[in-house]
Every structure is written in C-alpha cells, then in structure tokens.
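Read the structure below first, then the notes.
No hydrogens, no waters, no symmetry mates; every other heavy atom, side chains included, goes into these values. Worth saying up front: this structure is predicted, and the values here are computed from it rather than measured. All ligand and atom numbering here is 1-based and tracks the order in the structure.
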Amino acid sequence: MKQLYFLLMDIFWEVHRDLPREGPGDNASTRRAFQCLPAMPARPFILDMGCGPGMQTLELARLSGGRLVGLDTHLPFLIHLHREAQAVGLAAQIDILNASMANAPFAEQSFDLIWSEGAIYILGFAAGLSLWRRLLRPGGCVAVTELSWLKQDPPQEPLSFWRSNYPAMQSVETNCQMASKAGYHLLEHFTLPDSAWWESYYGPMHQRITALRAKYADRPENLAGLDGEQAEIDLFQQYSNWYGYEFYLLRA
Ligand SMILES: C[S@@+](CC[C@H](N)C(=O)[O-])C[C@H]1O[C@@H](n2cnc3c(N)ncnc32)[C@H](O)[C@@H]1O
C-alpha cells in the first residue's frame with residue numbers, strides 16, 4: 001500500500017514538474033481580479049499564499065508596483081519563481097518564503113492584500129479565510145480562487161469524482177455566504193474562463209501525460225497513475241459548465 005502511494009506521488013511529480021502553472025488561471029484573470037479591488041497604497045505589501053511556480057506572483061508585481069512575498073511549502077517552485085523574477089527584472093519586488101500557509105510567520109496586520117490562486121483548499125475555504133484575516137491591515141483584501149459548483153444538481157459523474165477528490169467543494173453561493181460569516185465583504189466574484197484551465201495547466205499537463213505514456217508503455221502500474229491524472233482532464237472537458245474555478249474578491 002505504502003509502495004503504491006510513493007509510486008503515485010512519483011508519477012504526480014513527473015506530470016506536474018515545471019508546468020507553467022499548478023492550477024487553472026491566467027494573467028488576464030489575475031488582472032481582472034486586481035482591478036475589482038479598491039485602490040491600494042502606492043506600494044502595497046502582498047502575500048501570495050501557495051504561490052507555486054508564481055505566474056500570478058509576477059503579474060501581481062507588475063500590476064501593483066508593490067512588495068510581494070511568494071509563500072509555498074515546495075522549494076523547487078520557489079526557486080523557479082525567483083529565477084523567473086530575476087529574468088524579467090522583478091526580483092527586487094518579490095521575496096520567496098518556504099513556509100506553510102497554516103502558520104505564515106508574520107505579525108498581525110502586516111498585509112494590504114492576500115492573494116491565493118487555487119491553494120486555499122489546502123486549509124479549507126472558510127478556515128483559510130478566518131485564519132488569514134489577522135494578517136490583513138484594516139480594510140485589507142483577500143483575492144482567492146476556489147473550485148466551486150456553478151449550478152445545482154450536477155450529474156453523477158462529476159459529483160462522484162469531486163466527492164471523493166474534494167469532498168469540501170461548495171457552490172458559489174455557499175462560498176459567498178461562508179466568506180461573509182468569516183468577516184469579509186464580497187466585492188465581486190467571477191468564473192475563470194475555460195481557456196484559463198487549458199492554456200497553462202491542462203494543455204501542458206496532457207502533453208506531459210502523453211509523453212510519459214510512451215516512456216512507461218511496459219509499466220502498467222505507472223500507466224494507471226497517468227490514467228488517474230488524465231481522468232480529471234477528461235471530466236472537465238465533458239462537464240466544465242457544471243463546475244469551475246471562481247475568483248472571490250473580498251474586503252476584511
Ligand atoms: C494547486 S497549486 C497552485 C499554485 C499556484 N498558485 C498556481 O495557481 O499556479 C497549490 C500550491 O500550494 C502549495 N502548498 C501545498 N500545501 C501548502 C501549505 N501548507 N502551505 C503553503 N503552500 C502549500 C503547493 O506546493 C502548490 O504550489
């Protein structure tokens with residue numbers, strides 16, 4: 001059992017290593033979300049929780065002109081972000097921090113903005129919002145994307161898949177209510193376009209899976225791991241009108 005777990009983790013990292021993003025999203029959506037927020041100070045201090053390889057961290061640095069911290073537990077993502085920031089002349093704006101979003105090592109009221117694309121699920125949507133509130137300056141904002149049901153009564157196939165892979169997944173309406181209960185005012189919310197799933201995430205992921213199928217053609221246990229990764233992509237292809245990544249823009 002333990003061996004199977006390690007095999008699946010190896011396959012997971014082989015599929016996910018060096019992808020442009022580690023979840024759905026694109027720069028246009030990051031820009032749209034930033035523009036929904038109230039005016040920020042001239043050089044806002046921003047924390048990007050679970051920044052991954054940091055495509056959105058770089059875009060936020062350009063948009064805000066602020067100081068940013070990209071926080072993640074996976075060091076190779078942070079190294080990638082740091083190198084990219086150096087390559088495009090943004091390294092002076094972006095610090096990297098290898099730490100957990102569950103206990104980010106900052107004083108209360110440190111940040112004007114907490115950003116998190118596709119990562120708050122790690123704590124749980126409501127739990128993450130409650131926990132992070134103390135880090136915000138008065139009137140500070142949170143911008144997060146979260147996998148959400150877009151319509152009621154989804155078909156059995158996506159329902160079963162997400163019940164076993166992300167049982168805490170809620171509707172957009174329920175997430176808005178939970179944000180309000182956690183002490184936030186909802187400024188805006190919108191659904192990421194399907195293209196934001198394909199261009200920098202599922203597209204490159206599918207190409208990687210195809211290449212690995214050739215590499216592991218004679219290793220059925222590895223192929224089974226690849227099937228698991230592909231199943232999520234196939235599901236989205238068929239049912240993307242039922243669920244999606246919702247951007248929630250909130251003010252404390
Ligand atoms: C789905 S990925 C999203 C990455 C990035 N925001 C993006 O959109 O490309 C989730 C990220 O959270 C990171 N992560 C997982 N557990 C974490 C934790 N406890 N604290 C901080 N980051 C964590 C993972 O390493 C990964 O980079």
Side-chain angles (χ1 to χ4, degrees), residues 9-10 12-34 46-64 68-85 94-106 110-111 113-132 135 142-148 162 165-166 168-169 190-205 208 228-229 232-233 235-236 243-249:
M9 284 317 289
D10 286 349
F12 175 88
W13 285 115
E14 259 199 277
V15 171
H16 284 261
R17 186 175 302 131
D18 299 328
L19 294 181
R21 295 191 68 108
E22 282 301 323
D26 60 11
N27 280 348
S29 303
T30 298
R31 278 197 296 279
R32 179 174 169 191
F34 188 76
I46 302 172
L47 178 57
D48 188 355
M49 295 281 204
C51 61
M55 183 186 278
Q56 74 294 327
T57 326
L58 298 169
E59 185 63 7
L60 267 178
R62 290 185 200 101
L63 287 168
S64 68
L68 289 92
V69 178
L71 178 150
D72 205 286
T73 43
H74 190 60
L75 187 58
F77 288 155
L78 295 171
I79 292 169
H80 174 93
L81 168 58
H82 181 62
R83 290 197 178 131
E84 287 291 306
I94 301 174
D95 287 324
I96 52 171
L97 181 63
N98 194 201
S100 172
M101 62 174 78
N103 41 30
F106 296 99
S110 290
F111 293 95
L113 176 60
I114 295 177
W115 202 270
S116 188
E117 294 198 31
I120 196 170
Y121 78 93
I122 290 154
L123 298 177
F125 186 73
L129 290 179
S130 300
L131 186 69
W132 297 347
L135 296 174
V142 169
V144 289
T145 58
E146 166 75 346
L147 186 67
S148 310
W162 288 117
N165 286 286
Y166 185 32
M169 179 173 167
F190 64 88
T191 310
L192 296 191
D194 282 7
S195 57
W197 290 66
W198 292 112
E199 279 164 21
S200 299
Y201 188 49
Y202 278 170
M205 213 172 128
R208 182 75 54 79
E229 293 289 315
E232 187 189 314
I233 300 177
L235 189 84
F236 184 73
Y243 63 89
Y245 258 74
E246 194 75 4
F247 230 126
Y248 299 91
L249 292 316

- Task: Would you mind finding which of Gly118, Ala102, Gly23, Cys51 brings a heavy atom closest to atom 5 (C) of ligand 1?
- Result: Cys51
- Item | Of the listed options Asp26, Val144, Asp72, closest to atom 27 (O) of ligand 1 (non-hydrogen atoms) | Asp72
Quick test: of every protein heavy atom, which one is nearest to [atom], and how far off is it to 0.1 Å?
atom                    : result
atom 7 (C) of ligand 1  : Gln56 OE1, 3.7 Å
atom 4 (C) of ligand 1  : Gly50 O, 3.4 Å
atom 3 (C) of ligand 1  : Glu117 O, 3.6 Å
atom 19 (N) of ligand 1 : Ser100 OG, 3.1 Å
atom 18 (C) of ligand 1 : Thr73 CG2, 3.6 Å
atom 21 (C) of ligand 1 : Met101 N, 3.4 Å
atom 15 (C) of ligand 1 : Ile122 CD1, 3.2 Å
atom 9 (O) of ligand 1  : Glu22 N, 2.9 Å

- Would you say Tyr121 and ligand 1 have an N/O pair spaced under 3.5 Å apart? no
- Message: Using a 3.5 Å distance criterion without hydrogens, assess whether the side chain of Ser116 forms a donor-acceptor pair with backbone atoms of Met49.
- Response: yes
- Message: Check the orientation of His16 and Phe12. Use parallel for under 30°, tilted for 30 to 60°, and perpendicular for over 60°.
- Response: parallel
Which atoms of ligand 1 have any heavy atom of [X] under 4.0 Å away?
X     : answer
Ala99 : 20 (N), 21 (C)
His74 : 25 (O)
Leu71 : 21 (C)

- Item | Intermediate values then yes/no, side chain to side chain donor-acceptor pair (under 3.5 Å), Tyr248 and Ser148 | CA-CA 11 Å; Tyr248 299 91; Ser148 310; 2.9 Å; yes
- Query: Sequence neighbours excluded, which residues qualify as salt bridge (charged side-chain N to carboxylate O under 4.0 Å, His left out) partners of Glu229?
  - Reply: none
- side chain to side chain contact (heavy atoms under 4.5 Å, CB included) filter on Ser195, not counting sequence neighbours, yields Asp26, Pro193, Glu199
- Message: Side chains of Asp194 and Phe236, heavy atoms from C-beta outward: is any pair under 4.5 Å?
- Response: yes
- Query: Do Arg32's NZ or CZ and the ring of Phe190 fall within the cation-pi criteria of under 6.0 Å and 45°?
  - Reply: yes
- Pro24 near ligand 1, heavy-atom distance under 4.0 Å? no
- Starting from the C-alpha separation in whole Å, work towards a yes-or-no answer on side chain to side chain contact (heavy atoms under 4.5 Å, CB included) for Met169 and Phe125. CA-CA 9 Å; Met169 179 173 167; Phe125 186 73; over 6 Å; no
- Query: Between Trp198 and Tyr202, is the gap from one ring center to the other below 6.0 Å?
  - Reply: yes
- Task: Start with the C-alpha gap between Trp115 and Phe247, add the side-chain angles, then the distance that decides, and say whether ring-ring contact (aromatic ring centres under 6.0 Å, His included) holds.
- Result: CA-CA 11 Å; Trp115 202 270; Phe247 230 126; 5.7 Å; yes
